[in-house]
Asks: 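The structure follows.
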Amino acid sequence: MTKRIYSIIAGAGLLAMAASCANLDLNPLSSASSENWYSNPGEVRMSLNDFYRSTFFQIEQNWTMDRNTDDWSQRTNIYAIAAGSLDASTKSNPDIATTWQYTYRNISRANRILDALDNLEGKYSTDELDNLRGEARFFRAYAYSRLITLWGDVPFFLTSITPEEAFEMGRTDKAVILDQIYKDFDFAASVLPLKNNGIGITRVDKGCALAFKARIALYQKDYATCAKAAKDCMDLKHYSLFAGYGELFRDQTKNCEIILSIPHSNELELDEDGNPTTQNIGTFIARSAGGTHNAQPSWELLATYEMTNGKTIDDPTSGFDPHNPFAGRDPRCCETFAAPGTKIYNIDWNPAPDKIKTWDYTKQELIVNKDSKGGADATNASYNGCCLRKGARDEWRTEKRNDNPVILMRYADVLLMYAEAQIELNKIDDLTLDCINDVRARAYGVSRNDITQYPAITTTEQSALRKVLRRERRVEFAWENLRYFDLLRWHQLEKAFGHNMFGFTRNAAVAKENFDSGNWFWPSVPKFDEDGFPCFEDMVDGTYIVQHGIRKFEPRIYLWPLPSNDVQIMNGKLEQNPGY
């Protein structure tokens, strides 16, 4: 039986983690072998460095989860979750098997580090060893948080295990795992310093542990724990909101708002499995700047931003003009979308049918506007007239790679998590409103008390404030890989996937005709449902406004499928999630 196990574990995520030290432990940043590794704190710290590689954050980077939400538009592709096609054998975006496998790699690595640290007791100071334990337990908690959020009950272990032990392992109630997650984050918060800088890397710290404890508590609807952890993080007075919302995502330092981010090199590198660790960014770059511009923020997202007067665009008194949907909007709108007529990638971006030429600041001349819906290449130009500005840098045009850090947690999220928890507890107080208004005021470049300079939130009615908070999260964190998880816990995936992807005609003559008749950008104001989801179906005429892609909701998606190889290999010990 043992030989049979070893012959088949190579294809299984959980069992592969227990197979051997060499496979389990992605090579530490040293030439030492796994037999003599972990002999002193320095070697342990080097091994901990591996937790900070972007390889382990498959679904947190490259907008992986945003692709599976209603914030994303792409004429040529619908990703597996949004298409309702995700199954246990799917190897596409998101890559279920790789996410599962890498997450258990982190757990196994953390467990081995913790075992090794126990063996170093008495040889080194307790404070030094506890600092290392804090990091290891943080990443173990991070990994289990991901698992219970996406899969529910999962295999659970806190020490190194053998293949035989793994083979007998079933699923543990996520409530049991959540309790351990809290303990790990609490321990990390108690031993890690307020500022934890190592050589060449900024490591997780006290506030980081508190912030991520708040996040998993919120995701599990444990609002009291979330509120306390978020408040404890706020009370550290260590973080603050970055002065400029748009610049925050182009700034490549660990600034005052970033609680945890992972470096993202722009060099073409491969991980130990041969997978790229960098992102080819050409899909998002305007065609006139040399990109393919195949993907862009959605119309649903564009419709969600309030006007600067604080009114939603479906309010008849808001002043919204559907023919110029970027005007008079919350400043975060035009920091997330490139408004027509603005400079990005060193060109003037404008998809309007009459803009056949555009200015290229690099060449210092007019060039053919390949993004114009009235141009010679209207078939492939700007499917919905939108272009991503958030995080975009001029260097993307030449390098075609994204080297912005992968932001995993920032202070604005702590503020809004606290506010959401208090709203759900119906303990709405001045601090609840202050947290929301601090985030809103920053978008306008003013302080919270400058209430004449931004639309401050004043309502304390629970249902009304819940709707405000959910809209606030959507526009604040657009294209930051959080929308999917918000929809998941709000149980609103059905609403998000109940609307398809829409955009402009691919026919240049029709586009020009409708532009000349005054129908550009949208012919009318989209309707909204009671939960604030915009609907464009009514304006689709099949000529000017057309459907580009079909989303489909599958109820089973609230839990992901376990990788089929792991289920098959466990001989009934590991049950598949319902519907797969």
Side-chain angles (χ1 to χ4, degrees), residues 29 41-42 44-54 56-57 60-61 106-107 109-110 113-114 117 124-146 180-219 225-242 248 251-264 404-418 435 480-482:
L29 306 181
V44 173
R45 187 172 294 278
M46 290 178 69
S47 187
L48 284 166
N49 288 347
D50 224 32
F51 284 117
Y52 297 91
R53 285 198 292 122
S54 60
F56 287 116
F57 300 94
E60 288 87 353
Q61 61 178 316
N106 267 7
I107 291 168
R109 169 183 282 275
I113 288 174
L114 291 167
L117 288 169
Y124 301 93
S125 74
T126 300
D127 287 347
E128 183 176 17
L129 297 181
D130 277 350
N131 184 278
L132 299 173
R133 286 190 180 97
E135 280 193 69
R137 290 184 67 170
F138 171 89
F139 283 107
R140 182 171 69 183
Y142 187 103
Y144 275 124
S145 296
R146 176 197 279 171
Q180 182 62 46
I181 289 170
Y182 287 163
K183 290 176 181 177
D184 280 349
F185 280 140
D186 286 343
F187 179 82
S190 71
V191 298
L192 291 175
L194 193 58
K195 188 175 183 180
N196 193 14
N197 289 332
I199 299 175
I201 192 169
T202 299
R203 316 182 80 89
V204 296
D205 54 29
K206 181 184 297 292
C208 191
L210 293 170
F212 280 94
K213 180 183 180 181
R215 176 175 285 176
I216 187 57
L218 185 65
Y219 286 5
T225 298
C226 172
K228 184 180 186 308
K231 182 65 162 54
D232 288 345
C233 183
M234 292 155 57
D235 287 345
L236 295 176
K237 307 295 184 185
H238 185 60
Y239 309 104
S240 58
L241 295 175
F242 190 76
L248 169 64
D251 182 74
Q252 297 187 313
T253 66
K254 188 180 186 297
N255 56 57
C256 61
E257 184 166 346
I258 304 303
I259 296 176
L260 180 62
S261 63
I262 300 298
H264 202 182
N404 291 340
V406 180
I407 299 175
L408 302 177
M409 178 70 74
R410 58 187 178 91
Y411 188 56
D413 202 357
V414 174
L415 296 177
L416 293 186
M417 285 192 295
Y418 175 81
C435 287
E480 292 185 52
N481 221 60
L482 294 177

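Count residues from 1 along the sequence. Not measured: the values here are computed from a predicted model.
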Asks: In the structure I gave you, are the side-chain heavy atoms of S145 and F212 within less than 4.5 Å of one another anywhere?
Replies: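 SC-SC contact between S145 and F212 ruled out.
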Asks: Using 0.5 Å steps for rounding, measure from the NE2 atom of H238 to the SG atom of C256.
Replies: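 These two atoms lie 10.0 Å from each other.
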Asks: Is there a side-chain contact between I216 and Y182 (heavy atoms, below 4.5 Å)?
Replies: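 A side-chain contact under 4.5 Å exists here.
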Asks: For the ring pair F56 and Y142, is the centre-to-centre distance below 6.0 Å?
Replies: no
Asks: Do L129 and P41 come close enough that some side-chain heavy atom pair is under 4.5 Å?
Replies: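 Of all side-chain heavy-atom pairs linking P41 with L129, at least one is under 4.5 Å.
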Asks: Please give me the minimum heavy-atom distance between V191 and G134, naming the atom from each residue.
Replies: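 V191 and G134 have their closest heavy atoms at CG2-CA, 3.7 Å.
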Asks: Do F51 and I113 come close enough that some side-chain heavy atom pair is under 4.5 Å?
Replies: yes
Asks: Step by step, work out the side chain to side chain contact (heavy atoms under 4.5 Å, CB included) result for E60 and I262.
Replies: CA-CA 10 Å; E60 288 87 353; I262 300 298; over 6 Å; no
Asks: Can a donor-acceptor pair be found between the side chains of T253 and D251 at a distance below 3.5 Å?
Replies: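 Indeed, the side chains of T253 and D251 share at least one donor-acceptor pair under 3.5 Å.
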Asks: Could you pull out the closest heavy-atom pair between M234 and C435, with the gap in Å?
Replies: CE-SG, 3.6 Å
Asks: Looking only at the side chains, is there a donor atom on one of R109 and S47 sitting less than 3.5 Å from an acceptor on the other?
Replies: yes
Asks: Check whether any side-chain heavy atom of I258 lies under 4.5 Å from a side-chain heavy atom of L248, and answer yes or no.
Replies: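 Yes, at least one pair of side-chain atoms sits under 4.5 Å.
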Asks: Report the distance from atom CG of L482 to atom CZ of R215, rounding to the nearest 0.5 Å.
Replies: 5.0 Å
Asks: Working to the nearest 0.5 angstrom, can you tell me the gap between N131 CG and L117 CG?
Replies: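 Those atoms lie 10.0 Å apart.
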Asks: Report the C-alpha distance between F187 and R133 in whole Å, list the side-chain angles of each, state the deciding distance to 0.1 Å, and finish with yes or no for side chain to side chain contact (heavy atoms under 4.5 Å, CB included).
Replies: CA-CA 9 Å; F187 179 82; R133 286 190 180 97; 3.6 Å; yes
Asks: Rounded to the nearest 0.5 Å, what separation is found between the NZ atom of K231 and the CG atom of L415?
Replies: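 Rounded to the nearest 0.5 Å, the NZ-CG separation comes to 11.5 Å.
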Asks: Is any side-chain heavy atom of Q180 less than 4.5 Å from a side-chain heavy atom of Y144?
Replies: no
Asks: Less than 4.0 angstrom from a charged side-chain N to a carboxylate O is my criterion; do R53 and D50 meet it?
Replies: yes
Asks: Is any NZ, NE, NH1 or NH2 atom of the basic residue among D186 and K213 found under 4.0 Å from an Asp or Glu carboxylate oxygen of the other?
Replies: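 Looking at D186 and K213, the cut-off is met.
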Asks: Considering all heavy atoms of both residues, which atom of A214 and which atom of C226 are nearest to each other, and what is their separation?
Replies: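 Looking at all heavy atoms of both residues, the shortest contact is O-SG, 3.4 Å.
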Asks: Distance check, rounded to the nearest 0.5 Å: D130 atom CG versus S125 atom OG?
Replies: 8.5 Å
Asks: Main chain of F242, side chain of E257: is a donor-acceptor contact present, judged purely on distance under 3.5 Å?
Replies: yes
Asks: Is there side-chain contact between N196 and E135, with at least one heavy-atom pair below 4.5 Å?
Replies: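 Yes. Closest side-chain heavy atoms under 4.5 Å.
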Asks: Quick one: closest heavy-atom pair of S261 and I407, and the distance?
Replies: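 That closest heavy-atom pairing would be CB-CA, 4.0 Å.
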Asks: If you apply the rule side chain to side chain contact (heavy atoms under 4.5 Å, CB included), what do you find for R146 with F57, and how did you get there?
Replies: CA-CA 10 Å; R146 176 197 279 171; F57 300 94; 4.2 Å; yes
Asks: So, for M417 and A211, which heavy atoms are closest and what is the spacing to 0.1 Å?
Replies: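 For M417 and A211, the tightest heavy-atom pair comes out as CE-O, 3.6 Å.
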Asks: Any side-chain heavy atom of E480 within less than 4.5 Å of one from D413?
Replies: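 They are not in side-chain contact.
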Asks: Test side chain to side chain contact (heavy atoms under 4.5 Å, CB included) on L132 and V44; report intermediate values, then the result.
Replies: CA-CA 8 Å; L132 299 173; V44 173; 4.0 Å; yes
Asks: Working to the nearest 0.5 angstrom, can you tell me the gap between Y239 OH and L194 CG?
Replies: 6.5 Å
Asks: For G207 versus L236, what's the shortest heavy-atom pair and its separation?
Replies: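 What the structure gives for the nearest pair is CA-CD1, 3.5 Å.
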